[in-house]
**Q** 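What follows is a single structure, and I will ask about it in a moment.
Read the numbers this way: they start at 1 and go in the same order the structure lists the ligands and their atoms. Numbering of residues begins at 1 and proceeds along the displayed sequence. Note that the structure is a prediction, hence the values are computed from the model and not measured.
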Amino acid sequence: MYDVIVVGARCAGAATALLLARQGVRVLLTDRAAFPSDTISTHLLHPTGVARLRAWGLLDPLLATGCPSIDTISFRAAEDLVLRGAPYPCDGVAVSLAPRRTVLDALLVEAAVAAGAELREGASFQEVIWEDGRAVGAAFGGRGGGRSGGFTERAALIIGADGRHSAVARQVGAKPIRDAGTFGCQFYGYWQGLPNVGTQIFVGGGQAVLAYPTHDEHHLVLVGWPHARFAEVKQDLDRHFLAAVAASAPAIAEQLTDATRTGSITGSGDLGNYVRESSGPGWVLVGDAAAAKDPVTAQGIGDAFAQAQSVGDRLASALAGGPGAVDAAMAAHGVDWERGGRAAFETTVAFAMGGNSARLLPVLRAIERRPELISMFYGVYAGQFTVEEFFAAVG
Ligand SMILES: Cc1cc2nc3c(=O)[nH]c(=O)nc-3n(C[C@H](O)[C@H](O)[C@H](O)COP(=O)(O)OP(=O)(O)OC[C@H]3O[C@@H](n4cnc5c(N)ncnc54)[C@H](O)[C@@H]3O)c2cc1C
């Protein structure tokens, strides 16, 4: 018998399991995948997310894996306009990180298990078990925990952390609260041999190029296009990718000619922006299962951490109060989370639509020599400020 069953064991599920298990909650952590393993996602983590890892005691172990710190961002908005700076520090943490998901997710899973969570990999969630209108358990297929033919477990709360296409959300009938649409697609690859100069962003010509250092002396290089180009780009990915880098980021293109690419270029056009109803009787959703945004602002992993913290802070004491207390605590979490994330959601959607571009360029020229406003601009990406707060500060 468990207090909670967590479906999905990456940055939302494993972090939630970790925080609950550390408080003595009996956690069953499940995933159809096994760890370490990769997932389709780039992996920039702003200082806000890095600060959470530090608070959880996981920053030093992550740095010990050889994850390079990123202390500078350069943003080339036009040929004659490059802004250099960093977001404001968060709780004393000034750096960003870009850990490979193979490393970050496995670190979170290991920490959850070390805290007492039971892990079942290869466990594919099938359906919620209901009793009197309340979720009281979950049925799994696959070979989770060595059990061939599937298994069923009961718990006071089912936590759906199973990503964008959450089967838990479908099973519990979580209603859409917002669906703002899909505006972008992103593709990325890894190269060895680029100099570490922090995160480099190049925008213009209807596309964006990003490069940042990650594990094993590799750089991730990414191209973002409007979603309207998804089908065309996919037909000849390498050609379109390298042409976009050459057109928008010639400095990176030159570096790539001497660098070694590892693996193929991959990515996704499945970047819709939505918020779902996040809790109900005996269930709660966290991470992309609850809400997701276009990765243009790179907030997904940090959002998952923040939701894990919010659930972790409320649930342990509520469990002692029985089902009503658990549902009330998760409803309060959902209301706070949705309200707190509204501005970042709108800002991200505006960036994803390219809606700010015309307004932005003269503003960026005006702040070229004002480091505090450059930090605030990067803070918009990091979720520290809304774009309206930034425009207001520029005056
Ligand atoms: C192209 C792209 C680039 C991105 N770049 C960034 C970035 O730079 N920075 C950033 O912060 N965010 C980025 N994101 C967003 C980020 O990837 C997500 O917000 C984050 O992964 C959400 O974590 P999660 O744990 O909620 O879900 P996921 O990481 O999707 O994990 C869900 C887990 O659930 C498991 N699962 C699913 N269904 C089942 C089932 N039926 N049974 C059992 N297990 C199941 C899966 O195996 C998976 O392990 C990007 C996303 C994309 C697509």
Side-chain angles (χ1 to χ4, degrees), residues 5-17 28-46 48-50 52 70 96-102 104-106 108-109 119-128 138-142 144 150 158-171 182 184-189 199 201 210 212 214 220 222-225 230 265-274 276 278 285-308 344 348 352 381-383:
I5 297 171
V6 184
V7 181
R10 292 196 184 272
C11 41
T16 307
L28 176 61
L29 176 60
T30 65
D31 203 299
R32 63 185 174 199
F35 299 93
S37 57
D38 213 348
T39 184
I40 299 286
S41 172
T42 63
H43 34 82
L44 186 64
L45 189 59
H46 300 295
T48 32
V50 179
R52 282 203 198 277
I70 299 171
S96 307
L97 296 175
R100 290 295 300 260
R101 294 292 296 267
T102 44
L104 177 66
D105 295 348
L108 289 163
V109 167
L119 173 67
R120 290 190 201 164
E121 298 170 309
S124 180
F125 166 82
Q126 306 289 316
E127 59 182 19
V128 167
F140 293 82
I158 311 302
I159 302 181
D162 50 342
R164 279 184 172 265
H165 300 285
S166 170
V168 176
R170 239 182 357 262
Q171 276 274 311
T182 306
C185 60
Q186 290 195 354
F187 290 90
Y188 59 96
T199 295
I201 305 172
L210 237 86
Y212 47 70
T214 182
L220 176 143
L222 170 151
V223 179
W225 283 282
F230 181 62
I265 291 167
T266 187
S268 177
D270 183 16
L271 305 180
N273 297 271
Y274 60 83
R276 295 184 180 125
S278 71
L285 304 175
V286 291
D288 279 7
K293 305 196 280 273
D294 188 290
V296 66
T297 47
Q299 292 179 5
I301 301 169
D303 281 356
F305 288 176
Q307 289 174 73
T348 300
Y381 282 86

**Q** Looking at atom 33 (C) of ligand 1, what's its closest protein heavy atom, distance included?
**A** Asp31 OD2, 3.5 Å

**Q** Using a 4.0 Å heavy-atom cut-off, which part of Ala98 comes near ligand 1: side chain, backbone, both, or neither?
**A** neither

**Q** May I ask whether Ile40 places a heavy atom under 4.0 Å from ligand 1?
**A** yes

**Q** In Å and rounded to the nearest 0.5 Å, what is the CZ to OG1 distance from Arg10 to Thr39?
**A** 4.5 Å

**Q** Is there at least one pair of N or O atoms, one from Gly300 and one from ligand 1, spaced under 3.5 Å apart?
**A** yes

**Q** What's the shortest distance from atom 50 (C) of ligand 1 to any protein heavy atom, and which residue and atom give it?
**A** Ser41 OG, 3.3 Å

**Q** Only one of Leu104, Asp38, Leu97, Thr214 forms a side chain to side chain contact (heavy atoms under 4.5 Å, CB included) with His43, so which one is it?
**A** Thr214

**Q** Look at atom 32 (C) of ligand 1 and say which protein heavy atom is nearest, naming residue and atom and giving the distance to 0.1 Å.
**A** Ala161 O, 3.5 Å

**Q** Classify the contact between Ala298 and ligand 1 as side chain, backbone, both or neither, using a heavy-atom distance cut-off of under 4.0 Å.
**A** both

**Q** Among all protein heavy atoms in this structure, tell me which lies nearest to atom 29 (O) of ligand 1, with the distance rounded to 0.1 Å.
**A** Arg101 NH2, 3.0 Å

**Q** Using heavy atoms and a threshold below 4.0 Å, how should the contact between Leu271 and ligand 1 be classified: side chain, backbone, both, or neither?
**A** side chain

**Q** What is the nearest protein non-hydrogen atom to atom 38 (N) of ligand 1, stated with its residue, atom name and distance?
**A** Arg32 CZ, 3.4 Å

**Q** Which residue supplies the protein heavy atom nearest to atom 36 (N) of ligand 1, what is that atom called, and how far is it?
**A** Asp162 CB, 3.8 Å

**Q** So is Ser124 in contact with ligand 1, going by heavy-atom distances below 4.0 Å?
**A** yes

**Q** Could you pull out, from Leu285, Leu220, Leu44, the option with a heavy atom nearest to atom 9 (N) of ligand 1?
**A** Leu44

**Q** Hey, what do you get for OG1 (Thr182) to CG (Asp294), rounding to the nearest 0.5 Å?
**A** 8.5 Å

**Q** Just need the protein heavy atom nearest to atom 41 (N) of ligand 1, so name the residue and atom and give the distance.
**A** Phe125 O, 3.4 Å

**Q** Strictly under 4.0 Å, does any heavy atom of Ser37 approach an atom of ligand 1?
**A** no

**Q** Can you spot which of Arg164, Lys293, His165 makes a side chain to side chain contact (heavy atoms under 4.5 Å, CB included) with Asp288?
**A** Arg164

**Q** Who pairs with Thr48 by side chain to side chain contact (heavy atoms under 4.5 Å, CB included), at least two apart in sequence or on another chain?
**A** His46, Cys90, Gln384

**Q** Can you check which of Lys293, Arg120, Arg10 brings a heavy atom nearest to atom 31 (O) of ligand 1?
**A** Arg10

**Q** Note the single closest protein heavy atom to atom 5 (N) of ligand 1, along with its residue, its atom name and the distance in Å.
**A** Thr42 OG1, 2.5 Å

**Q** Give the contacting part of His165 toward ligand 1: side chain, backbone, both or neither, where contact means a heavy-atom distance below 4.0 Å.
**A** neither

**Q** Output the distance between atom CD (Gln171) and atom CG (Asp162), rounded to the nearest 0.5 Å.
**A** 10.5 Å

**Q** Can you tell me how far apart OH (Tyr188) and CD1 (Ile40) are? Round to the nearest 0.5 Å.
**A** 4.5 Å

**Q** Could you tell me whether a side-chain N or O of Glu121 sits under 3.5 Å from a main-chain N or O of Phe35, the two making a donor and an acceptor?
**A** yes

**Q** Should Val286 be counted as touching ligand 1, given the test is an N or O pair under 3.5 Å?
**A** no

